[in-house]
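Note sheet for the following structure.
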There are 2 protein chains.
Amino acid sequence: MNDDVIKIVLVDDEVLFRKGISFLLEKEENIEVLFEASNGEELISNLNNHETKPDIVIMDLKMPVLNGVETTKVIRKFFPDIKIIALTSYDTKSFVANMIQIGAVAYLVKNTTPKDLVNTINEVAKKGFFYNETTLKTIQDYVLPSKNSRVNNLESGFLSPREIEILQLICNQKTTAEIAEELFLSPRTVEGHRNNLLLKTESRNIAGLVVYAIQNEIALLTL
Amino acid sequence: MNDDVIKIVLVDDEVLFRKGISFLLEKEENIEVLFEASNGEELISNLNNHETKPDIVIMDLKMPVLNGVETTKVIRKFFPDIKIIALTSYDTKSFVANMIQIGAVAYLVKNTTPKDLVNTINEVAKKGFFYNETTLKTIQDYVLPSKNSRVNNLESGFLSPREIEILQLICNQKTTAEIAEELFLSPRTVEGHRNNLLLKTESRNIAGLVVYAIQNEIALLTL
DNA sequence: GCAAAAACAGGTATAAATACTTACATTCAA
DNA sequence: TTGAATGTAAGTATTTATACCTGTTTTTGC
């Protein structure tokens, strides 16, 4: 796959963005855009139907139906040969680290140049991964061993499924009592989870949690 | 300016998106992209320096430094001949209405096709404006006269400068007491504003306020 | 099977937000 | 100049959230 044409698939819910990138990439001689998808589910069913698999998937993280994180996990499992370049608007530390851990081989902020994008694609095709300086720094921050694993894990910011579930309900303006009722839990349990969320996301209050959730694409902004 | 080439300027903080659209548009024979800008301030200083003015500015609403709403106001004042097409990721009712009221001649969600974009540009160049069905419906909802102006204004969701200021501080995880101190106000006053914010945005709590703020580009997600 | 996480749940406090109300001064446009 | 909107501030009460603590059970990875 080195000297060959690099086969790309684009996944992003914004048509304009997708088409734009598509045109940009097709100007490159060694890059071919196989197809596009507007969310993770579409991507996966397309992958199952297409004979030729892409070398690289360029994927937005904030998408409806099946988001970038979940989609990446699925791809890693069922199509381990496909490289994933994560593309997003924001770059929260914990999220970069999270994506890398899940298996993205490159991480790009949308506010990047076409040149960088093409360069990243070529590097990924050649070496299998490509991390720019910012990403490398973030990785360093996280990979560094720490004295206390518990504290570190609290600081690292990864959320458990339950925590994510509760965070989403918080973003939906639910109170602790309502969340408890909805999930058949004690309010105290919900309080505990919320407290952990505050610690993990380093937030002071609900406002911080919501901002974090949206920044990290845990809560979608779509109505 | 009817049969002539349509001169366009793109304003968006995401380089990739900008370049993508740029390529898309330059494939059209009757469209020329004069220049690009990454935020409102850059756009305005560019407008001042360029001899040839654009016919249309395509503007993202969520931008750092000077956002789309403020930029639109400035353009309407100093370059009234330039048409503005608003482009955004989300389409909250109050925001669409707000932009139209400010003077945008078209409103496009980013999740639209290149064809629609080109079509909108051509229509705007020809007729001076172009509203799609969704936008028209939103306008209808707002233009309809109402029995009670006070209630209507509360429902319409437009926020006063003071309210926006306080909303931003809320998004920064500030408590009522802290906001009061920072703005040299009584905590009760801040409570009053916050209460009005809850009413105007139809939110139940802080979480709702934060979501609203981000959806309506009042609070930026950039760190 | 062991160790570590995660999920669960309670106690005791205080701090903060929310729900109602009212009132007055200023600013701004019709 | 009158009404409307805004900004200011307060009373009273209740509900939520936050900050500490402690513990058990269940799940998961190695």
Separation of C:dA16 P from B:I170 CD1 (nearest whole Å): 14 Å
B:S186 vs D:dA10: side-chain N/O to OP1/OP2 distance below 4.0 Å: yes
Atom pair distance, as rounded to whole Å: CG in B:N196 and P in C:dA19: 12 Å
Closest to the A:E191 side chain, choosing from C:dA7, C:dT18, D:dT18: D:dT18
5' priority, DNA chain D, between B:N205 and B:L183 [closest heavy atom]: B:L183
Separation of D:dT18 C1' from B:Q173 CD (nearest whole Å): 13 Å
Protein-nucleotide distance (B:L197, atom CG; C:dA19, atom C1'), rounded to Å: 16 Å
Side chains of A:I75 and A:L47 in contact at under 4.5 Å (non-hydrogen atoms): yes
A:R188 side chain near C:dC8 phosphate (N/O to OP1/OP2, under 4.0 Å): no
Rounded distance in Å - CD (B:E181) to P (C:dA16): 12 Å
Lys/Arg-Asp/Glu bridge criterion (N-O < 4.0 Å) met for A:D60, A:R18: no
Between C:dA6 (C1') and A:L185 (CG): distance, integer Å: 13 Å
Atom-to-atom span, CD1 of B:I206 to C1' of C:dA19 - whole angstrom: 14 Å
Whole-Å gap separating P (C:dA7) and CD (A:E165): 9 Å
Closest to the B:L198 side chain, choosing from C:dA19, D:dT16, D:dT8: C:dA19
A:I58 vs A:L117 side-chain heavy atoms within contact, under 4.5 Å: yes
Short side-chain N/O contact from B:T189 to OP1 or OP2 of D:dA10, under 4.0 Å: no
Sugar-phosphate only, base, or nothing, as touched by A:R162 at under 4.0 Å among non-hydrogen atoms: sugar-phosphate
Spacing of A:N172 atom CG and A:L167 atom CG [to the nearest 0.5 Å]: 10.0 Å
Sugar-phosphate only, base, or nothing, as touched by A:H193 at under 4.0 Å among non-hydrogen atoms: sugar-phosphate
Test item: A:R194 and A:I170 side chains (from C-beta on) under 4.5 Å apart, heavy atoms: yes
